Every structure is written in C-alpha cells, then in structure tokens.
Amino acid sequence: MSRPPSMIRITALTHRYGDREVLKGLDLSISRGETFALIGPTGAGKTTLLRIIDLLEMPSSGEICFDDRPVPGSGKQRLQMRRRMSLIHQKPQLFDSSVYDNVACGLRWRGNKETETVRKVGSILETVGLDRYEGRDARTLSGGEAQRVALARALVLEPEVLLLDEPTANLDPVSTSRIERLIRSIARQRSTTMIMATHDMSQGQYLADRIGVLIDGRLVQTGNSTEVFRSPRSEEVAGFVGMENIIEGKVVASAEGIATVKTGSDPDGTTIQAVSDQPVGREVHACVRPEDITLAPATHRSSARNSFRGTVTGVASSGPLSRVEVDCGFALVALVTRLSTEELGLEEGAAVVADFKATAVHVIERSAHR
Amino acid sequence: MTEIWQGLIRAVQLLVSFDAEVVEIAARTLRIAGTSSLLAAIISLPLGTLIHFRQFRGKGALINIVQTLYFLPTVIVGLFVFVLLSRAGPLGELGILFTPQAMVVGQMVLITPIMLGMTISALSGVRKELLETATSLGASGSQLGLLVLREARYAVLAALLLGFGRALSELGVAMMVGGNIDGYTRMMTGAIWLATQRGDLELALALGIILLFLALVISIVLNRLQQRRPQ
Ligand SMILES: Nc1ncnc2c1ncn2[C@@H]1O[C@H](COP(=O)(O)OP(=O)(O)OP(=O)(O)O)[C@@H](O)[C@H]1O
Ligand SMILES: [Mg+2]
C-alpha cells in the first residue's frame, strides 16, 4: 500500500517540564491533506504536542520531520518552516489593534504587498462572517467573534498545516457548529493538513479522518473514528470515548466467535455474551455504551443474548435523555429517552430487565500491571 | 508680601508678552532636554527590547542595577561627566566641557537608566501567549521586537516621558557640565537659581511658572497613558 507523503513525522518524541515527563515517546506520522484529531482528557499533553509541532518549543528529545525534512534547532530555515503552518490557540490572543491589523499582520510579516493584503483580509473576514468588522478594536470583541478573528488570522495565510487547539472550547453551540462547518469546508476545499486537539469526542469524529487518543502523555490508540469509538484498545480509552459500562470479568467459554464472560469473583456469577475471540481464562473488561442498553418492565421476556433482572438505583435527566443506573449483580448505566422513563415508571427501586446485544459488548484484555 | 505679589504680576506680564529672554531660555531648555531624551530613547528602546527577549546570566542583577540608577543624584552624574570631559579626563580631547553637547551627554547618563529600566518593565507586561501567537503567525525576531513595543506602547511612552521630565527639571548636571553660561548653556532651572540669587524675582517666577506648567502637562499625559494600559 502506498501512503501519501508524510507532512509531519514525529519519532520518539519526549518532552519534560522540569522533571515531569509530559510527552512520553510519541511516534506519529500525518499525511499531507489529512485531518487528524488529537483527543484526550485535560492535561494529557495535547497543547504541548501542538506547540512542539508548530516549532514554538523544542522537545526534550526525539525528532520531527516537516515535509520529509528534519527540523533544524534554530535559524532561518526553522522560521521558514514555521511560516508554512499556523496554530490557533486554545484561548485566542488578539493584538491591541484593529480587527484588520490583527488579520493582516501575518501577511505583512511575510512581506506581502498591501494591496493584496487588503483584498485577502476582506475576503477572509467575509468567510468567517465578520465583514464590516475591519475597523473594530479587537479588544472589544465577544469571545466567539475573537475566536473567529483568530481563525481568520491563521487562515488568511493559507497555511499548508493548520493546527487547532480546542477551536470551539468556550463557545456556545451555535458558534461551535458554525466554526466546525468552516473547518470542515476548509479541509475539503484547500486540502490543508489539519491537526486539531479536542476533548470533545464527537467533534473529533465529525471533523477528522483519523483520531489519536492521547492519555497521560502517551498516544494509546490511533485509528479512524469507528475503530476508536467502537473498539477502544484499553480501559482508559474506553472510558474516554464514552463506554461508561466497564465490567471486570474472565472469559469462561468461547465458541463461534462468542465469548462468555463471567463477571465478579463469585463462582456462579452472572455471565455476559460478547462477540470476541479472547481465549478462555483471560482476564478482561466487558465494555458497553449506555445508549446500547435497553430497559423493559420486569415481566418482559427478551430475545437478547444478554438479559439481566435488576433494580433501578438512580435516575438523572439531562436534556431529552435520562441516565438510569441499574443494579443487576453488577452496576449498569443505561441511556433512555425521557418519554420511556415515564412510560416504564423508572424510579428508584423499580424492577426492570436490562438487555443488550452480544455485538454491543466490546471485550478488552485487562492489562497485567493493573 | 506685596513685593512677591508684584513679582508674580510682572512675571505673568513677562509670559504674556513673550519676553525675549524668557522665550530664549525656555526654547533652549526644551531643545537640550529634547535632544538628550531623543538620544536616550534611541538607545533605550532597542536595548530594552533586546534585554527583554534575551536570556543571559546576570540579567536580573543587570535590571536591578539599572533600577538603582533611577535614584542617581544629579550632582554625582555632574561630577562623573565633568571628570570624563575635563581637559585631563579620558574624553578631554573632545573639548566639549561647558557646551550644550556636554549637557546632552550628562542628561543622557542621568535619564537613560530610567528610560531603559521602565521600558523593560513595560515590555514584561505584555503577555507571553501574545508573543507566542505572533511567533506562530510567522513573526521573525525583529518583527517580534516591534510588536512587543507596539503592544506596550502606552507604558513605553510613559517611560520616555518620565525621562524627559527628569531632564527638564534637573539642575546639577546642567550647572556642573554646562556652566550656566548666559545665552549659551543656561537652562530654566539654572536661570531660576541665578535670578533668585540676584533678587530678580519676576524672571525666576516666570520661568518657574513655565516649568510647573510643563510638569503638569507631562503628569496629565502620564496619567492618561497609565489608564490606557490594556486590562
Ligand atoms: N510551561 C509549562 N511548565 C510546566 N508544566 C507545564 C507547562 N505547560 C504545560 N505543563 C503541564 O504539562 C501537562 C500537559 O499540558 P497541556 O497543556 O499540553 O495539556 P492539554 O492536553 O492541552 O490539556 P487541556 O485539555 O486542559 O488543554 C499539564 O500537566 C500541564 O500542567
Ligand atoms: Mg490544551
């Protein structure tokens, strides 16, 4: 398989602040034109990695190649490489001048002609929906407007690599979807290479070709969004991508691609059927998304492979959905619509049956060192 | 008491009639203090920017020394520059002692630490993230320097004004290396001193009023600038 040439290649990258290792031996290659989402919990090192890729900071060790050439430690060549990228910071930092000057500065620094600058700035401000804002004092803009100016300021340079650090954190849902659409259209039209950090899993899924999960300074999994979302490689990733039900167990039988996982330590504990080829005897985690669990009245007779009788221990509503906690020998969280919550009379102490398919269960080997 | 009142009235008459001597001394003062401020600024802005960005050993100590020199007594500077420029001194060959040039040199020694030190602290008020953003947008080292000066422009201007104010109002340097020569190196402060000695109260008061007025203007502008500091 011939891969497109790599735009950014990182080898054995490690970064320390003082004696704390923030990035721990990363290897990553990003192809030209690819949109890559870096997801991970807060403090995982996403911003640090983006800053290193943008050549703002030198890694403690490891190598970075930009467009197949190793990045030098200093000098003109480094500046020239940096000028082919731009980074949009997590918190937009606008200069104390007009919106026009903010957007124009990168072009001026590159020695562009002012007539051309005028034209480009005008057109990019229109793209981000800020035409007629040219003369505004940048310090008086709202958060969403400031974020769009920051985006325009980077986009006007037509960078080959666009680095976005949580581009929609601190924005309301309307501005968020507006900026997401903009990012998406730029990725398509200009075939810009993009790397974006986000802790919003669904944003990564929506915008990226490929996702990398960064946890505690390690790139624990990379793959397309279906892979990461459906088959997380570890318990940590599973938790992060929204597989809230992570049940400890052991494979006790395996036949025709279906594994039987016994939960808990008691010898005749409940068993879960899962599509998996983990061998008998292996210690595992069985992971199920709350939205893949259906709840029914206790009288219901189910055809699902996994059907457990239990008692509701808690109900919490968030928007149109309710999170229902059920104790069926092990704890389960199910996500059901508010309507069915009412129809089923789901309240604390109610008896229910929780069903889920064998295909909804993702089995991960329990790592030995835990 | 009446004498003082009459002096004051005549002083105001001198001012409103644009008395030739008053105008001449005031103009010379502004010219000399302006020149030394301009030259000190030309040194302080780039040097301050360089010190701000460079990390080197003894940076903290250097800044401390510069700040200590804010309080340098004018007579000490006068003495130092006098020795430097006197016939036997290391720069005696220039032969500029008791000339306006010597006063400019002396005032520069006096006010450069103020301008330099305050420029450095003005620049350190600019957020690091902002400079990093500029770097990421492709600013080179010198472009970054211009940007940081621009971002801190109000505080930097305040630094320059404060230096100018000190040059205007000092007496020691002007007297010791300028010589307070009539029609040549006499500044407002020196003229006030001499006129008071001679009992020429109206000239002393007229010049005093101008000096106070300039101080007032500078202080108002400084105040304004301080309020314009971002956030
Ligand atoms: N300049 C610094 N000095 C010391 N520690 C730092 C510095 N910058 C970041 N860190 C630490 O490095 C770790 C990674 O930080 P980073 O900002 O890269 O995380 P992140 O994944 O971007 O988090 P978030 O989602 O909250 O933005 C954090 O624990 C942080 O405290
Ligand atoms: Mg971050």
Side-chain angles (χ1 to χ4, degrees), chain A residues 47-48 50-57 74-98 101-112 137-140 146-147 149-165, chain B residues 41 45-46 48-57 59-60 118-161 221-231:
Chain A
T47 300
T48 309
L50 288 182
R51 285 164 36 91
I52 289 173
I53 294 176
D54 196 33
L55 312 183
L56 292 172
E57 192 149 7
S74 62
K76 210 174 166 79
Q77 215 187 342
R78 198 174 160 91
L79 176 66
Q80 270 157 6
M81 284 182 176
R82 190 188 291 126
R83 283 186 171 173
R84 293 165 64 187
M85 301 188 258
S86 46
L87 167 66
I88 294 165
H89 282 69
Q90 196 160 358
K91 292 181 222 112
Q93 301 285 340
L94 299 186
F95 305 124
D96 187 6
S97 56
S98 67
D101 284 334
N102 264 277
V103 180
C105 61
L107 292 171
R108 288 182 182 150
W109 287 329
R110 283 163 179 75
N112 267 47
D137 179 351
R139 300 271 171 136
T140 63
Q147 186 63 273
V149 171
L151 200 62
R153 186 168 65 174
L155 292 179
V156 78
L157 304 171
E158 294 170 25
E160 289 167 64
V161 178
L162 186 61
L163 306 166
L164 300 140
D165 195 358
Chain B
L45 294 184
T49 311
L50 206 65
I51 293 174
H52 172 70
F53 279 116
R54 287 283 150 84
Q55 298 305 328
F56 53 88
R57 288 183 75 188
K59 178 172 171 171
M118 291 200 40
T119 297
I120 294 171
S121 45
L123 298 188
S124 62
V126 176
R127 284 193 310 278
K128 241 184 76 204
E129 295 85 358
L130 205 74
L131 297 177
E132 199 175 275
T133 299
T135 308
S136 157
L137 288 168
S140 68
S142 51
Q143 289 165 338
L144 206 60
L146 287 175
L147 179 85
V148 73
L149 283 171
R150 207 188 117 89
E151 286 293 313
R153 56 193 177 274
Y154 302 117
V156 166
L157 218 64
L160 303 188
L161 259 185
V221 175
L222 271 177
N223 253 320
R224 284 247 155 145
L225 290 177
Q226 244 120 38
Q227 278 157 14
R228 288 283 330 236
R229 259 181 213 180
Q231 284 116 47

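Only a predicted model underlies this, so the values are computations on that prediction, with no experimental measurement involved.
Between chain B and the residues A:Leu56, A:Leu163, A:Asp54, the largest count of heavy-atom pairs under 4.5 Å involves A:Leu56. Interface remark: of the candidates B:Leu147, B:Val126, B:Thr135, B:Leu130, B:Leu130 forms the most heavy-atom pairs closer than 4.5 Å to chain A.
When all heavy atoms of B:Gly138 and A:Trp109 are compared, the pair lying nearest together is O-CB, 4.0 Å. Across every non-hydrogen atom of A:Arg153 and B:Thr133, the tightest pair is NH2-CG2, 3.2 Å. A:Asp96 and B:Arg150 get closest at one heavy-atom pair: O-NH2, 3.9 Å.
Side chains of A:Phe95 and B:Leu137 form a contact here, defined as non-hydrogen atoms less than 4.5 Å apart.
Around the NZ atom of A:Lys91, the shell of radius 6.0 Å holds no more than 12 heavy atoms that belong to other residues, nucleotides or ligands.
Among B:Glu129, B:Glu132, B:Lys128, B:Arg127, the one residue that satisfies the side chain to side chain donor-acceptor pair (under 3.5 Å) test with A:Gln93 is B:Arg127.
Salt bridge status for B:Glu151 with A:Arg139: present, with a side-chain N to carboxylate O gap under 4.0 Å.
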I would like to know whether B:Ser140 and A:Arg83 meet side chain to side chain contact (heavy atoms under 4.5 Å, CB included); could you show each step before the answer? CA-CA 10 Å; B:Ser140 68; A:Arg83 283 186 171 173; 4.1 Å; yes
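Only the side chain of A:Arg51 comes within contact range of chain B, with at least one heavy atom under 4.5 Å from a heavy atom of that chain. For A:Leu87, the parts lying near chain B are the backbone and the side chain together; criterion is any non-hydrogen pair under 4.5 Å. Only the backbone of A:Leu94 comes within contact range of chain B, with at least one heavy atom under 4.5 Å from a heavy atom of that chain. With a 4.5 angstrom heavy-atom cutoff, B:Leu146 does not touch chain A via any of its atoms.
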